[in-house]
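For reference, the structure is listed below as C-alpha cells.
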Protein chains: 2
Amino acid sequence: MRSEDIAKLAGVSRSTVSRVINNYPNVPETTKAKVLRVIEQYQYEPNSFARALAGKRTDTIGLFAISMNEKENATRIYQNSYFAPIVDLVVDTANARGFYVLIHTVYSPGDFQKIKQAFLQKRIDGGILVGTQKDIELVRELVSQDAPLVLIDYDVSEVIAERLNKNHLAIINSMDYEGTAEAIEYLISLGHQEIGILKGRMSTFSGRERYAAFESTLLNHGLTLRQDYVLEGEFLKETAYVETEKLIKRGKLPTALFCSNDDMAIAAMEAFAKHGIHIPNDISIIGFDDTQLASTISPKLTSVRLPIDDMAKSAVEKVIGLCNNEEASFSNVSFPTRLVIRDSCKLIV
Amino acid sequence: MRSEDIAKLAGVSRSTVSRVINNYPNVPETTKAKVLRVIEQYQYEPNSFARALAGKRTDTIGLFAISMNEKENATRIYQNSYFAPIVDLVVDTANARGFYVLIHTVYSPGDFQKIKQAFLQKRIDGGILVGTQKDIELVRELVSQDAPLVLIDYDVSEVIAERLNKNHLAIINSMDYEGTAEAIEYLISLGHQEIGILKGRMSTFSGRERYAAFESTLLNHGLTLRQDYVLEGEFLKETAYVETEKLIKRGKLPTALFCSNDDMAIAAMEAFAKHGIHIPNDISIIGFDDTQLASTISPKLTSVRLPIDDMAKSAVEKVIGLCNNEEASFSNVSFPTRLVIRDSCKLIV
DNA sequence: CTGAAAGCGCTTACAG
DNA sequence: CTGAAAGCGCTTACAG
C-alpha cells in the first residue's frame with residue numbers, strides 16, 4: 001500500500017494524500033475526510049524511508065551509551081544504576097513525543113565511528129551522548145556538521161576552551177559540586193572533623209567535581225585534609241574494597257568516609273563489616289547516586305540523589321528542540337541533587 | 001556527499017560505486033581500490049534511507065518491551081532486573097552483528113500500534129517482543145505480513161492452538177518448569193515436607209509454568225499441597241509482603257517457601273524479619289530469577305538463575321537469521337535455568 | 001566488467 | 001484548492 005494507491009482509492013492525487021498526511025492547511029475538510037477514511041481503512045503508513053529521503057525528518061533520536069573503562073564489566077552497561085534509568089526516561093519521553101530511539105553502546109574508541117555513521121547515514125535527527133570519556137574530537141566533528149547533539153555529564157569549560165562550534169549543542173549536568181558540599185556539610189554538622197574520601201575516576205567530570213567539592217568544603221571549615229584518608233576508588237567496587245582494607249590496616253580511621261558513588265560505599269561497608277568495624281557506630285558512611293541498593297542494604301545508606309530523571313527528560317526535550325530549531329543554539333543546564341538521609345551516619349558527641 | 005560525487009571523483013559511474021559498497025564480486029580489484037580510496041578519503045556513508053528505499057534492508061531491529069501491569073511502576077521498565085539485561089545483550093549482540101536497535105516501550109494496548117507502525121513504515125527488518133501480556137491478535141497481524149518476529153517468554157501451545165502463520169517466527173523461553181522442579185526437589189532433599197508458594201501473575205506464561213511445576217513436584221513426591229500455603233503474589237513486592245503477613249497471622253507456617261521471583265522472595269524476607277521470624281532457621285526461602293539483590297541481601301538468597309543472556313543473544317541471532325531468510329521459518333528454543341544455592345535454605349533434621 | 005536508465009515511495013515547489 | 005513533474009540518493013536488471 002503506497003500513497004499512490006490511497007490516492008486512487010480516494011479519487012485524488014498523491015500530492016493531496018501527502019498534504020493530508022502532513023496536515024497542511026490548504027486542504028478542505030471534505031477531501032481531507034475522504035482521504036483519511038481510506039487511510040484508516042487500509043491502515044496505511046507512509047514509508048519512513050521515502051519520507052526521510054524526500055526531505056522529512058526521521059523522527060528518530062540516537063542514544064549512545066559510552067563505557068570505555070576496561071575494568072568495568074563492559075557488557076553490563078544497561079544494568080548499571082546510572083544508565084538504566086537514563087534509558088528508561090529517554091525512551092519514554094521520546095516515545096511520548098512521537099520519536100523513536102536508536103540505541104547504541106560504545107565500548108571502544110572504534111565504536112565512536114558508529115555514532116558518526118548514524119548521523120552520516122541520516123538514521124537519526126539528533127543524538128544524546130551519555131557516559132564516561134566522551135571523545136572531544138568526535139564531539140568536535142559532530143558539532144561541526146551541525147548535528148543536533150546533547151551531552152550528559154560534560155565539562156562545559158572544556159567545550160568553551162576547545163572552542164567548539166556550539167550550534168545545535170546542549171549540555172546537561174547534575175550539580176555534583178553542590179551535592180557533595182551538602183553531604184560534607186552534613187557530616188560536619190554531625191560533629192565529624194576527620195573525614196575521608198573514596199575518590200571517583202578523575203578522568204570523569206563528575207569524579208573531579210565531587211573531589212573538588214570535598215576538598216574545598218573541608219578547607220572552608222578549617223578542617224585538615226589528611227592524605228592517608230584520600231583513597232583512589234575509581235568508581236569501582238573492587239578497587240574501593242581493596243583501598244578500604246588498606247585504610248583499615250593502616251590503623252587509624254577517619255570518623256566518616258564520603259564515597260564518590262554508592263557502589264564504592266557498599267564495597268567499603270563490606271570491607272568494614274569483614275573487619276568487625278560497625279557502621280555507623282565506628283565510622284559514618286555517605287554515598288553518592290542514591291541507587292536502589294542504598295535503601296536496601298543494612299544499615300540503609302545515606303546518599304546524594306542524582307537528578308537522573310530530570311536530566312534524561314531534559315536531554316530528550318533539548319535534542320527534539322534542537323532538531324526543530326526551536327531551541328537556542330547552545331544551552332547548558334544543571335539540575336540539583338538531594339541529600340537523602342538514612343542510617344549510615346552518626347552524631348558525634 | 002552522494003554516491004554520484006564519489007563516482008565522479010573516482011572516474012566511474014554510480015553503478016560501480018554501488019557495486020563496490022555492496023561488495024559485488026564482479027568488480028576488478030583495481031577499480032575497487034580506486035573507489036574505496038575516495039570513499040575513505042571523504043568518509044562517505046551511503047544514505048540509509050535511500051538504500052532501504054531502493055530495496056536494501058534497514059539493518060535495524062526493533063526491541064519492544066511490553067509492560068502493561070498497572071500495579072507496577074510502569075515508568076521503570078529498564079531498571080527492572082529482567083528487562084535490563086535483555087536490553088544489554090540485545091543491543092550488544094545486534095551492534096556486534098552490524099545492526100542498529102530501535103527500542104520502544106509498550107505500556108498500554110494503544111501502544112501496540114507503535115509496533116505495527118514500525119514494521120509498516122519499514123523502520124525495522126524484524127522485531128523482538130519481550131514482556132508480559134503479548135497481544136495474540138497483534139502477533140497474528142504481524143506474522144500474517146511475514147514480519148520476522150521473535151517472542152521471548154511465550155507459550156508455544158498458544159501459538160499452535162491459535163493457528164498462527166508461523167513463517168518468520170521464533171519463540172525463546174527459559175525452562176521455568178524444570179527450574180522450579182529442581183528448586184522444589186532441592187527443598188525436599190533438605191527434608192522439607194511442608195512447602196508453600198508465592199505465586200506469580202497467572203496471566204503470564206512463566207507464572208503458570210512455575211506454579212504448575214511446584215504443584216506437580218509436590219504430588220510426585222506424595223506431599224500434600226495445603227491451600228493456605230498458596231499465596232497470590234502476582235510477581236509484586238507489595239502484594240507478596242501483604243500475603244506473607246497474612247500467612248504469618250494465620251499462625252502455622254510451612255517449613256519452606258518457594259517464591260516465584262526474587263522480588264517477592266525479598267518482600268517475604270522483610271515481612272518475616274519484621275515479625276521476628278528468622279531465615280533460614282525458622283523458615284527456608286527460595287527465589288527465582290537470581291537478580292543482583294539475591295546475592296547482596298542477608299542472608300544471601302538461594303535462587304533459580306534465568307538464562308537471560310542466552311535468551312537475549314539467541315533472540316538477536318534468530319531475528320537476524322529470519323531477516324536473512326537463513327533460519328528455518330519457525331523455531332522454538334528453551335534454555336535451562338540453574339539453581340544457585342546460597343544461605344536461605346536449611347537442612348531439616 | 002561497466003554505464004544509462006528505471007524504480008523505490010515519498011514531498012514540494014510550480015503552475016493553474 | 002489540486003495535479004503533474006521533478007527530485008531525494010540509492011540499487012539493480014538490462015544492454016553492451
Side-chain angles (χ1 to χ4, degrees), chain A residues 1-36 38-39 42-60 100 117-125 145 323-324, chain B residues 1-36 38-39 42-60 100 117-125 145 323-324:
Chain A
M1 189 64 50
R2 303 155 309 143
S3 72
E4 175 96 54
D5 304 319
I6 300 294
K8 280 207 186 105
L9 288 162
V12 297
S13 72
R14 266 145 77 215
S15 316
T16 300
V17 172
S18 178
R19 289 191 188 100
V20 170
I21 288 170
N22 292 295
N23 236 316
Y24 282 23
N26 55 350
V27 33
E29 282 307 323
T30 77
T31 23
K32 191 169 180 175
K34 202 167 52 181
V35 173
L36 281 178
V38 180
I39 289 181
Y42 289 87
Q43 299 215 52
Y44 164 72
E45 290 285 344
N47 181 308
S48 59
F49 294 117
R51 295 190 84 177
L53 190 55
K56 285 290 182 185
R57 297 181 326 193
T58 68
D59 290 340
T60 304
Y100 286 87
Q117 252 178 33
F119 276 106
L120 288 174
Q121 296 180 346
K122 301 265 189 296
R123 287 179 182 272
I124 52 180
D125 294 332
Q145 296 159 198
C323 295
N324 294 344
Chain B
M1 187 65 50
R2 303 155 308 142
S3 72
E4 175 97 55
D5 303 320
I6 299 294
K8 280 206 185 105
L9 288 161
V12 297
S13 73
R14 268 147 75 214
S15 315
T16 301
V17 172
S18 179
R19 290 192 188 97
V20 170
I21 287 171
N22 292 295
N23 236 314
Y24 282 24
N26 54 349
V27 34
E29 281 308 323
T30 78
T31 24
K32 192 169 179 175
K34 202 168 53 182
V35 173
L36 282 178
V38 180
I39 289 181
Y42 290 87
Q43 299 214 52
Y44 165 72
E45 291 285 344
N47 181 307
S48 60
F49 294 117
R51 294 191 85 177
L53 190 55
K56 286 290 183 187
R57 298 181 325 192
T58 67
D59 290 339
T60 305
Y100 287 87
Q117 250 176 37
F119 277 106
L120 289 174
Q121 296 179 346
K122 301 265 190 291
R123 289 179 181 271
I124 53 180
D125 294 332
Q145 295 159 198
C323 295
N324 294 343

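For the numbers below, each heavy atom of this structure counts, side chains included, while hydrogens, waters and symmetry mates do not.
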- Rounding to a whole Å, what distance do you find between B:E4:CD and C:dA4:C1'? 12 Å
- Query: To the nearest angstrom, how far is B:K122 atom NZ from C:dC10 atom C1'?
  - Reply: 13 Å
- Task: Using a cut-off of strictly less than 4.0 Å, decide whether B:Y44 has a side-chain nitrogen or oxygen near OP1 or OP2 of D:dC10.
- Result: yes
- Item | B:F49 CZ - C:dG7 P separation (whole Å) | 24 Å
- Can you tell me the distance, in whole Å, between the CZ atom of A:R123 and the C1' atom of D:dC8? 17 Å
- Query: Between C:dC8, D:dC10, D:dT12, which nucleotide has the shortest distance from any of its atoms to the side chain of B:Y24?
  - Reply: D:dT12
- Query: Any side-chain N or O of B:N22 less than 4.0 Å from the OP1 or OP2 oxygen of D:dT11?
  - Reply: yes
- Message: Looking at B:N26, I'd like to know whether one of its side-chain N or O atoms comes within less than 4.0 Å of OP1 or OP2 on C:dT2.
- Response: no
- Query: Can you check whether B:T31 has a side-chain N or O nearer than 4.0 Å to OP1 or OP2 of C:dT2?
  - Reply: yes
- Message: With a 4.0 Å cutoff (strictly under), does any side-chain N or O of A:S3 reach OP1 or OP2 of C:dC10?
- Response: yes
- Message: Closer than 3.5 angstrom, by distance alone: can the side chain of A:D125 be matched with the main-chain N or O of A:D59 as a donor-acceptor pair?
- Response: yes
- Message: Measure CZ/B:R2 against P/D:dG9 and give the value in whole Å, please.
- Response: 6 Å
- Donor-acceptor contact present, side-chain B:S3 to main-chain B:V17, <3.5 Å: no
- Assert: residue with more 5' nearest nucleotide on DNA chain D, out of A:R14 and A:V27, is A:V27
- Are A:R123 and B:T60 close enough, and set up right, to give a side chain to side chain donor-acceptor pair (under 3.5 Å), and what steps lead you there? CA-CA 10 Å; A:R123 287 179 182 272; B:T60 305; 3.2 Å; yes
- Item | Nearest-Å distance for atom pair CZ/P, residues B:R51 and C:dG7 | 22 Å
- Verify the contact: side-chain N or O of B:S15 to OP1 or OP2 of D:dT11, cut-off strictly under 4.0 Å; return yes or no. no
- Among D:dT11, D:dC8, D:dC10, the one nearest A:L53 by side-chain distance: D:dC8
- Item | Strand partner of D:dC1, provided both Watson-Crick or wobble distances fall under 3.5 Å | C:dG16
- Task: Determine, for B:D5 against B:R2, whether the closest basic-nitrogen to carboxylate-oxygen distance falls under 4.0 angstrom.
- Result: yes
- Note on the structure: Here the distance between atom P of D:dC8 and atom CE of B:M1, to the nearest Å, is 15 Å
- Message: Suppose we call a contact any N or O donor and acceptor under 3.5 Å apart; does that hold for the side chain of B:S13 and the base of C:dA4?
- Response: no
- Would you mind telling me which residue lines up with the more 5' stretch of DNA chain C, B:T16 or A:A54, judged by nearest nucleotide? B:T16
- Task: Kindly compute the distance separating CZ (B:F49) from CG (A:N47), expressed to the nearest 0.5 Å.
- Result: 10.0 Å
- Message: Measure CZ/B:R19 against C1'/D:dG9 and give the value in whole Å, please.
- Response: 17 Å
